[in-house]
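Following: one structure in structure tokens, then a few remarks.
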Protein chains: 2
Amino acid sequence: MPTAKKPRPSIQDVARLAGVSLGTVSNVLNNPDRVRAETVLRVTKAIEQLGFVRNDAARQLKAGRSKTLGMVVLDIANPFFSVLARGAEDAAAQEGYSIILGNSSDDLRRESRYVSLFDEQRVGGIIISPVDAATETVATLRARGTNVVVVDRHIDAAIGCSISVDDFAGGRLAAEHLLSLGRKKLLFVGGPLDFQQVADRLAGATQAVKTFEGTATIEHFKTTALSVLAGREVGDKIAALPKSEWPDAIFAANDLLAVGLLQAFMFKSQVQVPGDIAVIGYDDIAFAEAAIVPLSSIRQPAALLGSTAVELLVEEIESASSHKHRQITYQPELVVRASTSN
Amino acid sequence: MPTAKKPRPSIQDVARLAGVSLGTVSNVLNNPDRVRAETVLRVTKAIEQLGFVRNDAARQLKAGRSKTLGMVVLDIANPFFSVLARGAEDAAAQEGYSIILGNSSDDLRRESRYVSLFDEQRVGGIIISPVDAATETVATLRARGTNVVVVDRHIDAAIGCSISVDDFAGGRLAAEHLLSLGRKKLLFVGGPLDFQQVADRLAGATQAVKTFEGTATIEHFKTTALSVLAGREVGDKIAALPKSEWPDAIFAANDLLAVGLLQAFMFKSQVQVPGDIAVIGYDDIAFAEAAIVPLSSIRQPAALLGSTAVELLVEEIESASSHKHRQITYQPELVVRASTSN
DNA sequence: TTCTTGTATTGAAACGCTTCAATTTATCGA
DNA sequence: TCGATAAATTGAAGCGTTTCAATACAAGAA
């Protein structure tokens with residue numbers, strides 16, 4: 001159990017030292033224009049002398065509002081999400097808000113925990129990059145009066161705001177690009193399919209293959225994670241197959257998987273990329289370009305996703321009566337590099 | 001200005017609906033063993049029915065403690081820090097705490113802002129990966145009664161706890177490795193030197209060169225940031241020099257710089273790595289191995305830094321009277337890959 | 001039935017701050 | 001100097017919850 005600490009100076013201590021009322025100290029903190037300069041000085045000196053830091057719990061309890069936004073991301077170690085968080089934070093600072101981050105690590109329990117923590121803290125609003133379908137979470141939060149925006153996943157605009165990228169189009173783009181190289185035997189690497197993003201990317205790629213005027217196939221190699229390690233494992237398995245069974249192109253559900261595949265192929269086996277197998281990832285994280293084989297990728301505008309989420313959330317907070325929920329979808333972009341060149 | 005929202009149900013509403021006192025609802029939330037099962041059920045139903053979420057500001061104001069820890073990192077988009085944050089978070093969860101993250105983006109003002117925000121929120125404690133010398137910040141926080149641990153930088157144990165890696169040793173290791181390859185014309189790329197980590201890495205490398213039994217030199221190319229972009233810019237400048245002026249080895253202050261250098265050399269010029277110039281980075285981020293030339297690096301145990309910081313902080317919080325400040329320093333490790341092979 | 005003891009519940013007080021109507025002070029014009 | 005007005009300050013009330021001493025209730029023993 002935490003041991004007792006000496007009590008911190010309160011606004012009352014400041015008032016006493018400065019010889020003014022509680023209300024005047026509060027005015028110095030919140031409405032200094034209403035206070036004579038001489039009084040401001042006196043109070044400010046008392047604050048410094050005492051090392052007073054106001055208690056936000058008390059402020060918030062009385063004032064009933066917060067300039068802090070909570071954000072829950074799936075995996076802070078994935079550059080896609082850290083760039084997204086950076087974008088959000090810069091936009092929040094512009095609007096006079098601060099973002100505090102929680103990391104769910106793809107774990108529904110942790111996500112739930114952060115969502116509850118932020119709700120108890122009565123943050124101004126919550127931005128969620130959800131582990132799974134967020135419909136129920138969002139509906140519950142909104143019913144409770146909590147502002148919420150979903151990012152990197154679309155939900156019905158009747159329920160709440162969301163910002164995402166058209167992953168179906170992204171998957172199609174990736175597959176079309178591979179087909180345009182003359183590749184016929186495509187493999188999609190990614191999972192779990194509970195992740196709507198993954199399912200959409202696969203669906204888009206599958207459609208491209210189906211509508212391709214020529215013969216081509218696409219298989220699916222499921223993974224339990226979207227990590228470098230998972231990619232490496234898949235790469236090892238593929239490399240261990242007879243060459244005649246290799247795919248001639250791999251569409252990885254994200255860049256981390258693709259990087260892992262590259263590692264397995266280039267370091268531990270004789271698979272040539274793109275000679276034997278072309279590889280394309282998804283996200284276009286900062287390190288895709290500097291990969292051992294510069295990685296082609298489908299670019300998602302991560303920073304823009306983050307900043308747009310903040311803009312929508314702030315609008316919802318500050319203009320609740322006129323705010324209309326929106327589902328914003330950005331288009332992904334093909335970025336071609338060595339891993340899929342001919 | 002935020003518009004008024006319908007008031008959220010309070011503990012009083014729950015009490016009224018369940019036909020019990022405020023104190024009983026509080027007991028159901030906090031000490032359910034003190035309440036008859038039948039009463040617990042009644043109250044729990046009322047809570048669900050009303051969608052009650054207690055107000056943490058009120059709880060904290062009265063109870064005076066928090067199970068939340070604040071953490072301020074330098075750059076969430078740098079995998080070193082995101083792995084460090086992940087390590088911290090896992091350790092915190094083990095101890096029954098939650099970590100909320102703030103990102104200073106190498107900006108003193110932002111750091112200060114998050115520190116103040118967390119202090120106002122009366123978090124249990126603050127972990128800081130500081131922008132610059134944290135001595136004053138830590139002393140101020142501790143004088144105010146705020147628990148604090150510094151990570152990735154050492155401060156005097158008389159002031160507070162810190163966890164870091166011996167960057168001087170790391171710098172020496174890197175330079176010794178380069179010298180052992182027969183490289184004679186070393187270049188250190190990194191800055192600003194306000195960053196003690198950078199200064200220590202340079203100092204260690206400089207010492208290795210000085211004590212080398214043979215002729216070798218080390219120059220310093222200052223950068224204003226530790227980013228891929230900054231590394232690219234330096235790489236371009238070096239590549240534009242006459243070949244006779246190229247260094248034969250580069251020690252980059254971190255892996256992001258090294259990745260940028262690799263990009264400039266391999267994509268845009270004729271510099272061969274390691275043939276013309278060997279390149280070693282620092283941090284051993286997850287992508288170092290998958291870089292276009294697998295990058296040698298000095299490994300810092302990022303996750304361990306994070307988890308140790310939490311352990312020290314929790315100890316300081318929960319055992320304040322017996323807690324002794326410590327300065328824990330981990331030893332870095334050389335990881336050799338293709339970028340410095342012979 | 002009464003008394004004792006253990007269990008369950010109650011409700012007043014207070015955490016630290018903001019807010020705003022009431023009061024005080026200062027300034028200006030007649 | 002007096003009256004009116006504007007500026008500055010005051011201080012009571014209350015935000016939502018926890019805490020714990022007081023009270024009520026239940027069960028068992030004499």
Side-chain angles (χ1 to χ4, degrees), chain A residues 1-2 4-44 46-47 50-67 119-122 144-145, chain B residues 1-2 4-44 46-47 50-67 116-117 119-122 144-145:
Chain A
M1 218 50 227
K5 284 244 167 185
K6 123 190 121 163
R8 299 177 65 147
S10 70
I11 206 168
Q12 186 153 19
D13 301 311
V14 174
R16 206 178 289 126
L17 185 61
V20 297
S21 75
L22 296 191
T24 298
V25 177
S26 185
N27 270 330
V28 169
L29 292 173
N30 299 298
N31 301 290
D33 47 294
R34 297 185 195 168
V35 186
R36 267 188 322 160
E38 187 227 312
T39 310
V40 170
L41 197 62
R42 211 154 84 233
V43 171
T44 302
I47 285 172
L50 289 168
F52 169 78
V53 176
R54 81 185 160 185
N55 185 331
D56 194 63
R59 187 202 62 76
Q60 201 179 311
L61 182 58
K62 178 60 189 174
R65 64 187 182 261
S66 173
K67 285 285 202 173
D119 207 22
E120 284 188 3
Q121 292 195 342
R122 303 292 197 270
R144 289 181 183 159
Chain B
M1 219 49 225
K5 285 249 173 184
K6 121 194 124 164
R8 298 178 63 146
S10 69
I11 207 166
Q12 186 152 20
D13 301 311
V14 174
R16 207 178 286 124
L17 184 61
V20 298
S21 75
L22 296 192
T24 298
V25 177
S26 185
N27 269 331
V28 169
L29 292 172
N30 300 299
N31 301 291
D33 49 295
R34 296 186 196 166
V35 186
R36 270 186 324 159
E38 187 227 311
T39 310
V40 169
L41 196 63
R42 211 154 83 234
V43 172
T44 303
I47 286 170
L50 289 168
F52 169 77
V53 175
R54 83 185 158 184
N55 185 332
D56 194 62
R59 188 201 61 75
Q60 202 179 310
L61 182 58
K62 178 59 192 173
R65 63 186 181 265
S66 172
K67 285 284 200 173
S116 293
L117 177 69
D119 208 22
E120 285 187 3
Q121 292 196 342
R122 304 291 197 269
R144 288 180 183 161

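Lettering of chains follows the sequences in order, A, B, ..., and the numbering in each one begins at 1.
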Between D:dC15 (C1') and B:Arg59 (CZ): distance, integer Å: 16 Å
Candidates D:dT17, C:dT19, D:dT19 - which lies nearest the side chain of B:Asn55: D:dT17
Over all atoms of both residues, closest heavy-atom pair of A:Ala18 and A:Ala46: CB-CB, 4.0 Å
B:Asn27 to B:Arg34 - nearest heavy-atom pair and separation: OD1-NH1, 3.9 Å
A:Ile11 side-chain proximity, nearest of C:dT10, D:dG16, C:dT18: C:dT18
Chi angles and distances behind the side chain to side chain contact (heavy atoms under 4.5 Å, CB included) call for A:Leu22, A:Gln12: CA-CA 6 Å; A:Leu22 296 191; A:Gln12 186 153 19; 3.9 Å; yes
Euclidean distance, atom CD of residue A:Gln121 to atom P of D:dG16 [Å, nearest integer]: 17 Å
Closest non-hydrogen atom pair, A:Phe52 against A:Ile11: CE1-N, 3.5 Å
Angle by which the axis turns from one end of the helix from C:dT1-D:dA30 to C:dA30-D:dT1 to the other, five pairs per end, to 10 degrees: 50°
Distance, rounded to the nearest Å, where A:Arg65 contributes CZ and D:dC15 contributes P: 16 Å
Partner of B:Val43 by side-chain contact (heavy atoms from CB on, under 4.5 Å), out of B:Leu41, B:Val40, B:Ile47: B:Ile47
Euclidean distance, atom CD of residue B:Gln60 to atom C1' of C:dC17 [Å, nearest integer]: 14 Å
B:Arg42 side chain to B:Leu17 backbone, donor-acceptor under 3.5 Å: no
Whole-Å distance separating the CZ atom of B:Arg34 from the C1' atom of D:dC20: 9 Å
Proximal nucleotide (of C:dT9, D:dG16, C:dG16) relative to the B:Lys62 side chain: D:dG16
Between protein and nucleic acid, restricted to nucleotides 21-24 of chain D and to nitrogen or oxygen atoms under 3.5 Å apart, what atom pairs and distances do you find?
none

Of B:Ala58 and B:Ser21, the one whose closest DNA chain C nucleotide lies more 5': B:Ser21
Non-hydrogen atoms of A:Arg8 and A:Asp13 that approach each other most closely: O-OD2, 4.3 Å
Side chain A:Arg59, main chain A:Arg65, donor-acceptor under 3.5 Å: yes
Along DNA chain D (nearest heavy atom to each residue), the more 5'-positioned of A:Val35 and A:Arg122: A:Val35
Contact residues, residues 22-33 of chain B to DNA chain D [heavy atom, < 4.0 Å]: B:Leu22, B:Gly23, B:Ser26, B:Asn30
Nucleotide of C:dC17, C:dT10, D:dT9 approaching A:Thr39 most closely (side-chain heavy atoms): D:dT9
Per A:Arg36 side chain, nearest of listed nucleotides D:dT9, C:dC17, C:dT19: D:dT9
Worked verdict on A:Gln60 versus A:Ser66 for side chain to side chain contact (heavy atoms under 4.5 Å, CB included): CA-CA 7 Å; A:Gln60 201 179 311; A:Ser66 173; 3.9 Å; yes
Nearest-Å distance for atom pair CG/P, residues B:Leu61 and C:dA14: 14 Å
Gap between atoms CZ and P, on A:Arg16 and D:dG11 respectively (whole Å): 13 Å
Test side chain to side chain contact (heavy atoms under 4.5 Å, CB included) applied to A:Arg54 and A:Asn30, step by step: CA-CA 11 Å; A:Arg54 81 185 160 185; A:Asn30 299 298; 3.0 Å; yes
Between P of D:dC15 and CG of A:Asp56, the distance in whole Å: 19 Å
